[in-house]
Participant: 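Structure in structure tokens, see below.
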Amino acid sequence: MTGKTAKEISNDLLRPVLDTSWRFYAAAVLLGALVVAGLAAWGHQMSAGIGVAGINRPVFWGFYITNFVFWIGVSHAGTLISAILRLTHAPWRRPVTRAAEAITVFALMIGAMFPLIHLGRPWLAFWLFPYPSERRIWPNVRSPLVWDFFAINTYLVGSTLFLLLPLIPDLALLRDRARGWRRHVYRLCALGWAGTPHQWRRLETAMHIMAIVIIPVAVSVHTIVSFDFAMAPVPMWHSTIFGPYFVAGAIFSGIAALIVAMAVLRRALRLEAYLQLLHFESLGKLLLLMSLVWTYFVFAERLTTWYGNEPAEVAVLFAVERGPYAGLFWAMVFCNFVLPFVMLSIKRLRTITGTVVASLAVLVGMWLERFLIIVPSLTRKYLPYSWGTYQPTLVEITITAATFAAMGLLFVLFSKAFPIISIWELKEGDRRAPVVAPGLVDQSMVMADRHANP
Amino acid sequence: MRTRKAVRNVIYGICADDDAAASVVEELRALDVDARRIVVQSSEPLEIRDLAVPHGSGAMPWVAALGGLIGAVAGFTLAAGTQQLWPLSTGAMPIVTLRTNLIITYEMTLLGVIVATVLCFLVTARLPRWRMPLDDPEISEGAVLVGVLSPPQDRAHDIERALREGGGAARIVTCGPEDWG
Amino acid sequence: MDRRNFLKTSTVGGAAAALSSCGHPEAPLVRFLPDEELVPGVATWKPSVCPGCRAGCGVLVRVMEGDAEVIRNGQHGVVRMGVAKKLEGNPEHPISQGRLCPRGQAAIQLTYHPDRLGHPLERVGARGSGEYKPLDWDAAISTLVERLRALDDRRAHATLAALTRPLRGVRRELIARFLQAFGAGPPSVFELFSDDVLRRANERSFGRRQLPTFDLSRARYVISFGADFLGTWNSPVAQSAAYGEMRQGRPGIRGTFVQVEPRMSQTGANADRWVPVRPGTEGVLALGLAHVMLQRGLASASSGAAVGALIDGWDAGLPAYAPEAVERETGVAARRIARLASELAADRPAVAIIGGAPLAHTNGFFNAIAVNALNAVLDSVGRPGGMRFMPEARITLPEVRSETSTASSAAREQSFSLLRDRMRGVTGPGVEVLLLYDANPVFAAPRAWRIREALAQVPFIVSFGSFLDDTSTFADLILPDHSFLESWMDDAPESGSDRAVVSVAAPAMRPLHDTRATADVLLEIARQLGGRVSTALPWHSYEDALRAAVQSVDAGASADAKTSADVWTLVQQQGGWWTETLESSSSEMKRAAGASIRRATPRFDGDETEYPFHFLPYPSQAFLDGSLAHLPWMQELPDVLSTAMWGTWVEINPRTAERLGVSQGDLVEVASSQGRLEAPALVSPGIAPDVVAMPVGQGHRTFTRYASGRGANPVALLAPLVEPESGTLAWAATRVRVARKGRGRLTLFAGGLRERPGGVTR
Amino acid sequence: MPHRWGMVVDLDRCTGCEACVVACRAENNVPTVGEAEAARGRAIHWIRVERYVDGEFPDVRVKFLPVFCQHCDAAPCEPVCPTYASYHTADGLNAQVYNRCIGTRYCANACPYTVRFFNFFNPVWEKPLHLQLNPDVSVREVGVMEKCTFCVQRIKAAEIAAKAEDRPLRDGEVVPACAQACPSRALVFGDLNDPDSEASRLAGSHRATHLLGELGTQPKVFYLQREGGHDRQDREGDQ
């Protein structure tokens, strides 16, 4: 596929790891500074009180839970896509899977921070954990937040292992290439991987089982996140559609995040030969599909609410569609449906740039979607006397920005420490797939090529 | 070539690709070398699968299933046990709420599968092992290593020859007498 | 301890943590020996008297041990003492009947207010600057005594004057007697929302210069003209208790309630029918109702002859008040008038109430007389389910023989306008020393009265108030009073019960600060002045005077008490003295007398074209006339209708707001011929389109950290029109114009105004 | 039989005077938050008097509705709490255990009545206002949810007193601060398991309804609807 020899592949993909450019430092310092700002904001919030955030009565959940749902959604990029592609043996998956899995792990780590950040007394967060303690009180396993705890932990463990297992052979590769102290580190990380056929076979079997298991985990994670809302009798939250709706939205935002990450990597690490139009196109098509699925869910949700005409729900519905949140709502529709639909369904526009633009729009739109699910419902609960509004504060905005920076920083560090494309999988795929000259612009040509060189 | 390697008692050859490696393995088998002593290493999975000792691959799914079962039991016990040990009434719900406990049971089941799979992988792949394996740099360049562990001293020549034959190993390395297993 | 018990106790307990968690580490304090033997965690209940308004409710104070920081003998330290924890209504007390209004509940903060003045102060900065230096009591009292001696030397006794908040009972008498003995005129009282018009009208109609008591619990129909009797007017606790009984206290009978007012008050919001009426025409509507009843023979003219005859044209059946004519004047549809009249006539007993804004027009007296006449027609005067007058409590300071004192020590008060003129030197005698006790005319009097300037001309002002407010910052010397919980208290309610009531209470707790009860300070000054003043005031303390007054009560009137000493004991036990037997007061009423009263049309300040809106200030639910604005609980109490907190607002009808381009929360300028102010707009359907209303209470220049510089003061807009009969301010007679100024800030507790379709209770 | 505490609110008696609001604040150490925080929707009132306005000038009707924790039997706030800070006591109270609360605020979202209040900051009592604090009620720290407890400290005190005298609790012996203050006696508290209690009797009234009864939360607060008044027809007849 890449038309490169195994040696060239190794050189190309290990170069970003072994050679450090000023760009890495620039990116790390810049992103790190933002992360530090976010940590400072969090520290301020801890010492002064959660009141420095904009949450209030009745909008007890705001940016933090929006970010939580958003990042947990983005985490579906990854493992889910990579697992599906692995199971379906999609040949173009090979340069994509590791980045996707890394997104999953980082997005989960960031997302899982938010329930802690948003706590009124975060220093007591360990009370969510079932451990035998002096006070002899265990968490309430009926609470969706405890379900979250279990689901996210399972997903985090699963996807981390899913990322790390296929990393081992590449670590072995690094062990051979690296010099100095890093060599020792990689040697430890490689766990003594030898690359015997026996080990390869085991790895593949394990990956196969993991891929099968990680899909229901991912589905359940976002379903449970949706249950955080659906279990509460809040207008427009208390919905049976929320489980699949959230999962679809999660995959949707996950693909978008993956496309954006790939585009950045492609440019920053000069991986044009590996991340080709083919990949963006294929993921773009998936994105288009998910956009349509998402739109279907939004339509179904809003139609039934409108038709049902339950006063409390309609109050929220209209607050969103034509009330104070209308601007955000229609921006969301534009970002999540109109723009992706245009960019991705018209072949001429489905370039790398086009796909990336659509993906950026989807990320914005999906963040808005999370916000619009959470906040408007809380501003308009059952008793109109207690209706309210919500304005985020600088602290919340800083922490939100910092998490995006944290995502970037983790990615930068990860791609610095490890090959961001699975080298052995790429080599393996290269040998199995026909050689395609780089720079091809058309999928059909790839197909034709494939037929020509069986 | 580097000092670490000198401690191993092994003879190996570096083959350019799987085909070469396959023919070398054929030669070695023809020499009647103990199959368990033949070592093959590559930086990517080889197309030709039976280059080394054949292994039954059926164990891992069963281990995974067992892990899932343990997880399920643990999950349900944790949930229901918590509820029964501290029977607090909430929201007019029963003390043991089966529906909600299904969620935790489900998550713990899948966690059990995942952990069991990974543990099974590590055990069966004999990972981690902290002593260096054979790591000829050419492996990472795409070459395939085929070698014989603790070759009988008397047959070293035969083995070297076998490694070279049939367009096999381009380079032969012999290492010291120490066992590296 | 199992988990359940753990949870139970942790919800209940935690007192120590409660008290320790809110302090900051400070230098260790001296711990004084406790004054009292207190059982930790056990509450005792002591009676007291609520100082919040004129209702004079009896309260019970929950006292528990606490560590208070105090100054003893000049040393700062901590003492474990009984501290008040909560106020409840005194169940024995005929006015409060165990209940208390929000202001009464919050009165406990008067004691614990962080900005309360804790020791005597002497002014060092310019007047109004609020710069004072502390002084010890001996020096402070001798400063005042020297001033008074100087007056004495110059034979300028008449230049001493006193201005107080409304006081009754022994404290008022002590002040009055002090002034009288010194040779000065009677004390003046300043009260923005004064009901003097009604008292005078009642004197004219019924021979009782007193506010009426309404037997709502037995009424079947109540019509109120502007009286916020469930919220702020007269005796709200007693009236609310009776109102509850009227609504649901009798099986099968539910009283109907109609409120007539141009701006919906808290009371009006409870009405079955809310009848907006043109400001100042309430009397006309009342007579319109009377007309219909007389016309249709629903009531006989003779039933109200005596009272009704005061109205010009009564004998002829009030021909000038035909429904059509009344409709033209009041804006209330003739059909509606007829309907209300027939309902009133049918649902007896019925009673009419007037209070608040209808009295605060230039024709307030006419309005009051008209409603009295309506009551007469309804035959509700002195009848069950009607109106009556509370028997007067007969406790007074015993007379003391002296060379100047004559029989009447309870001289009537001097009018505030006269005091004003004296201060400004317009009439003699001038004022050289002014004793100021919690009255705040700088805040609550119209600018045109020039109180500030008048005070500036008084050479020496002494304040007895507990707080630095707009007026007391003019004081040269401040001798802060105890809080009501730290002091003996007495009051003599004039309305709210059909028994005679005197509220008396001993201190519920020891003083927190180095303060002294004003009555004690006056007695001390009298002692130091000597001569006739000390002869006239022979008591050692307020307590002595109070005991003397209470023991003068006819012991026979109290069922349980046989001797005067028993009365004193009983009074201390139950928190006052009240008659046990119900007195019929109607028999005591004198016949109405005097010339007939013609219809008076209200006069308004400001040209209708330039100032198109009636301006209606009203006592706020939280602050009344602003005297409670310094209590943080009251600041954070959402006004029940607007739900506004910590601020002020201008109520505007939605149609008017639309016409002016004003939306909720916009900053609007309200201007009258007297001045202008800016406040956020509150768009409310419960106000007539040609009326804008503002709650009084905010806009203090100086009044503790919680109220200073907060909101705007509507009194500043008021024209100095007075009701001619009583001379009280016609505070509802100013016209204003309104214009949008930009975005404002309105802190509301509520989000929505309307219920969602289908309602919320099912 | 355990108690089942409940409250009956007579909307025909309630005048909107808000004595209950201040009485509750005084009894339960409810902090004031100040203007800036109040403007951000952080004012705490365990009981509030909601007012709903119907109609346009001049046909305006107002409904006052005292709202506080409804102590639902099927309380949505309870199961969602991950730490059991919100749970149901044996005598039917929705308890809030401040010590267990970690501040997820989930219960407050789940509560359809919006009667749960959160401490966004540590409460402040300027000295000597702290002397007023009721020692029977804990002061809540930052990050903790709080709400109406039906004055559980008064219930416990009455129970202890009754136990000391070895007798059952009498009806009317437990009175929450709001009900005690209410001038028009609109609030009646009592044991709903005792058929002779005044609260039980009133709860059986034909006027008795629940707030948001359609949600199935089974509140233990009953609202007696207002009677009489004029319907729209009547008002039009006047015009």
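When reading the values below, keep in mind they use all heavy atoms of this one structure, side chains included, and skip hydrogens, waters and symmetry mates. So you know, we letter chains A, B, ... as the sequences are listed, proteins then strands, and number each from 1.
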Participant: Determine whether C:Pro114 and D:Lys127 make a side-chain contact, defined as any pair of heavy atoms from C-beta on separated by less than 4.5 Å.
Facilitator: no

Participant: If I measure from the heavy atoms of chain C, does D:Ala181 come under 4.5 Å with its side chain, its backbone, both, or neither?
Facilitator: both

Participant: Taking all heavy atoms of C:Met645 and all of D:Ala38, pick out the closest pair and write down the distance.
Facilitator: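 Looking at all heavy atoms of both residues, the shortest contact is CE-CB, 4.0 Å.
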
Participant: Which answer fits C:Met246, side chain, backbone, both or neither, if we ask what part of it has an atom under 4.5 Å from a heavy atom of chain D?
Facilitator: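 For C:Met246, there is no contact with chain D at all, as no heavy atom is under 4.5 Å.
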
Participant: Side chains of C:Arg705 and D:Glu126, heavy atoms from C-beta outward: is any pair under 4.5 Å?
Facilitator: yes

Participant: Measure D:Cys14 against the heavy atoms of chain C and call it side chain, backbone, both or neither at under 4.5 Å.
Facilitator: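 It is the backbone, since no side chain atom gets that close.
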
Participant: Is it the side chain or the backbone of D:Arg154 that comes within 4.5 Å of chain C heavy atoms, both, or neither?
Facilitator: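 For D:Arg154, the contact with chain C is made by the side chain alone.
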
Participant: Please flag which part of C:Asn270 lies under 4.5 Å from any non-hydrogen atom of chain D: side chain, backbone, both or neither.
Facilitator: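 Its backbone and side chain both get close to chain D.
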
Participant: Using a cut-off of under 4.5 Å on heavy-atom pairs, state which of D:Thr149, D:Leu93, D:Val33 scores highest against chain C.
Facilitator: D:Val33

Participant: With rounding to the nearest 0.5 Å, note down the distance linking CE in C:Met509 to CG in D:Leu131.
Facilitator: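 Spacing of CE (C:Met509) from CG (D:Leu131) equals 7.0 Å.
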
Participant: Determine whether C:Gln635 and D:Thr32 make a side-chain contact, defined as any pair of heavy atoms from C-beta on separated by less than 4.5 Å.
Facilitator: no

Participant: Is any NZ, NE, NH1 or NH2 atom of the basic residue among D:Asp10 and C:Arg247 found under 4.0 Å from an Asp or Glu carboxylate oxygen of the other?
Facilitator: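 Salt bridge absent between D:Asp10 and C:Arg247.
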
Participant: Please classify the contact between C:Val237 and chain D as side chain, backbone, both or neither, with a heavy-atom cut-off of under 4.5 Å.
Facilitator: both

Participant: Is D:Arg207 in contact with chain C via its backbone, its side chain, both, or neither, using a 4.5 Å heavy-atom distance?
Facilitator: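 Contact with chain C involves the side chain of D:Arg207 alone.
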
Participant: Counting only heavy atoms closer than 4.5 Å, note whether C:Ala622 contacts chain D via side chain, backbone, both or neither.
Facilitator: neither

Participant: Any donor and acceptor pair, going by atom type alone, linking the side chain of D:Arg185 with main-chain N or O of C:Ala241 inside 3.5 Å?
Facilitator: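 Judged by distance alone, no pair lies under 3.5 Å.
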
Participant: Pick whichever of D:Asn122, D:Leu224, D:Val21, D:Val62 has the most heavy-atom pairs under 4.5 Å with chain C.
Facilitator: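 Heavy-atom pairs under 4.5 Å are most numerous for D:Val62.
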
Participant: Using a 4.5 Å cut-off on heavy atoms from C-beta on, say whether the side chain of D:Arg51 contacts that of C:Thr643.
Facilitator: yes

Participant: So which part of C:Ile687 gets closer than 4.5 Å to some heavy atom of chain D, the side chain, the backbone, both or neither?
Facilitator: backbone

Participant: Can you name the nearest heavy-atom pair linking D:Arg226 to C:Ala271, along with the distance?
Facilitator: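 Answer, listing the atom of D:Arg226 first, then C:Ala271: NH2-O, 3.7 Å.
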
Participant: Classify the angle between the aromatic ring planes of D:Phe57 and C:Trp274 as parallel (below 30°), tilted (30 to 60°) or perpendicular (above 60°).
Facilitator: perpendicular

Participant: Need one label for D:Pro219: side chain, backbone, both or neither, based on atoms under 4.5 Å from any heavy atom in chain C.
Facilitator: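 When you check distances to chain C, no heavy atom of D:Pro219 falls under 4.5 Å.
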
Participant: Would you indicate whether the side-chain heavy atoms of C:Cys101 and D:Cys17 approach each other to under 4.5 Å?
Facilitator: no

Participant: Below 4.0 angstrom, N of the basic side chain to O of the carboxylate: do C:Arg62 and D:Asp136 qualify?
Facilitator: yes

Participant: I'd like to know if the side chain of C:Arg254 and the backbone of D:Asp12 have a donor-acceptor N/O pair within less than 3.5 Å.
Facilitator: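 Here the side-chain-to-backbone pair does not exist.
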
Participant: Going by the side chain to side chain contact (heavy atoms under 4.5 Å, CB included) test, name the single residue among D:Glu50, D:Arg48, D:His45 that passes it with C:Pro638.
Facilitator: D:His45

Participant: Rounded to the nearest 0.5 Å, what's the gap from CG on D:Leu129 to OH on C:Tyr112? Could you check?
Facilitator: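 Output value for this atom pair is 10.0 Å.
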
Participant: Hey, does D:Gln132 have a side-chain heavy atom less than 4.5 Å from the side chain of C:Gln109?
Facilitator: no

Participant: Is chain D contacted by the side chain of C:Pro632, its backbone, both, or neither, given a heavy-atom distance below 4.5 Å?
Facilitator: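 Both parts, backbone and side chain.
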
Participant: Would D:Phe64 and C:Leu641 count as a side-chain contact (heavy atoms from CB on, under 4.5 Å) if you check the C-alpha gap in whole Å, the side-chain angles of each, and the deciding distance to 0.1 Å?
Facilitator: CA-CA 9 Å; D:Phe64 288 130; C:Leu641 286 168; 4.1 Å; yes

Participant: By the definition side chain to side chain contact (heavy atoms under 4.5 Å, CB included), identify the one residue from C:Arg103, C:Glu636, C:Gln105 that meets it with D:Val22.
Facilitator: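 The single option meeting the side chain to side chain contact (heavy atoms under 4.5 Å, CB included) with D:Val22 is C:Gln105.
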
Participant: Say you draw a straight line from OG1 of C:Thr256 to CD of D:Glu227; how long is it, rounded to the nearest 0.5 Å?
Facilitator: 10.5 Å

Participant: Select, from C:Gly751, C:Pro654, C:Ser240, the one with the greatest count of heavy-atom pairs under 4.5 Å involving chain D.
Facilitator: C:Ser240

Participant: With the threshold set at 4.0 Å, does a side-chain nitrogen-carboxylate oxygen contact exist between D:Glu56 and C:Arg754?
Facilitator: yes

Participant: Provide the closest heavy-atom pair for C:Leu100 versus D:Pro183 in the form atom of the first, atom of the second, distance.
Facilitator: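 Closest heavy-atom pair between C:Leu100 and D:Pro183: O-CG, 3.8 Å.
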
Participant: Is D:Glu18 close to C:Gln266 at the side-chain level, that is, under 4.5 Å between some pair of heavy atoms?
Facilitator: no

Participant: Mind running side-chain contact (heavy atoms from CB on, under 4.5 Å) on D:Glu27 and C:Lys85 for me, showing each step along the way?
Facilitator: CA-CA 8 Å; D:Glu27 172 74 16; C:Lys85 292 295 181 185; over 6 Å; no

Participant: Determine, for D:Arg13 against C:Glu245, whether the closest basic-nitrogen to carboxylate-oxygen distance falls under 4.0 angstrom.
Facilitator: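 Looking at C:Glu245 together with D:Arg13, the answer is yes, because their closest N to O distance falls below 4.0 Å.
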
Participant: Need one label for C:Ala750: side chain, backbone, both or neither, based on atoms under 4.5 Å from any heavy atom in chain D.
Facilitator: side chain

Participant: Does C:Arg710 come within less than 4.0 Å of D:Glu35, counting only side-chain N to carboxylate O?
Facilitator: yes

Participant: What part of C:Tyr706 is in contact with chain D, defined as an atom under 4.5 angstrom from a non-hydrogen atom: side chain, backbone, both or neither?
Facilitator: side chain

Participant: Roughly how far, to the nearest 0.5 Å, is the CZ atom of C:Phe257 from the OG1 atom of D:Thr15?
Facilitator: 10.0 Å

Participant: So, for C:Pro685 and D:Val53, which heavy atoms are closest and what is the spacing to 0.1 Å?
Facilitator: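 Heavy atoms only, the tightest pair is CG-CG1, 3.6 Å.
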
Participant: Quick check on C:Gln621 against chain D: is it the side chain, the backbone, both or neither that has a heavy atom closer than 4.5 Å?
Facilitator: side chain

Participant: Given heavy-atom pairs under 4.5 angstrom as the criterion, report whether the side chain, backbone, both or neither of C:Asp115 touches chain D.
Facilitator: neither

